Amino acid sequence: MLSDIFPTAFECGVLNGAVKPGDTVAIVGAGPIGLAALITARLYSPSMTVMVDVDEQRLEVSNDSAPLTR
């Protein structure tokens with residue numbers, strides 16, 4: 001599972017989104033791919049990451065996964 005989710009999140013979210021240091025990154029959906037996109041985006045030192053989801057529990061998990069998420 002990890003060998004599929006992380007590369008998908010990285011390529012589709014981070015590389016295609018052209019994330020670079022200092023950017024603000026918004027991710028819609030805190031499911032498995034959204035969480036992987038959050039973690040891989042953090043590798044590029046964005047100034048802020050924003051996770052959007054209607055499920056409060058998923059947002060809590062995303063905050064636990066990347067505590068610097070604002």
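From a predicted model like this one, the values you see are computed outputs, not experimental measurements.
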(message) Would you say that I39 contacts F6 through its side chain, given a criterion of any heavy-atom pair below 4.5 Å between the two side chains?
(response) yes
(request) Taking the side chain as every heavy atom from C-beta outward, state whether L15 and Y44 have any atom pair closer than 4.5 Å. (result) yes
(request) Could you go through the side-chain contact (heavy atoms from CB on, under 4.5 Å) check for D23 and S47 one step at a time? (result) CA-CA 6 Å; D23 281 353; S47 63; over 6 Å; no
(request) Could you tell me whether the side chain of I27 reaches within less than 4.5 Å of the side chain of T49, counting heavy atoms only? (result) no
(request) Quick one: closest heavy-atom pair of A9 and A37, and the distance? (result) CB-N, 3.3 Å
Distance-only check: which donor-acceptor pairs under 3.5 Å involve side-chain atoms of residues 50-58, not counting sequence neighbours?
from, atom 1, to, atom 2, distance (Å)
D53, OD1, D55, N, 2.8
D53, OD2, A30, N, 2.7
D55, OD1, Q57, N, 2.9

(request) Quick one: pull up OG1 in T40 and CD1 in I33 and give me the separation to the nearest 0.5 Å. (result) 11.0 Å
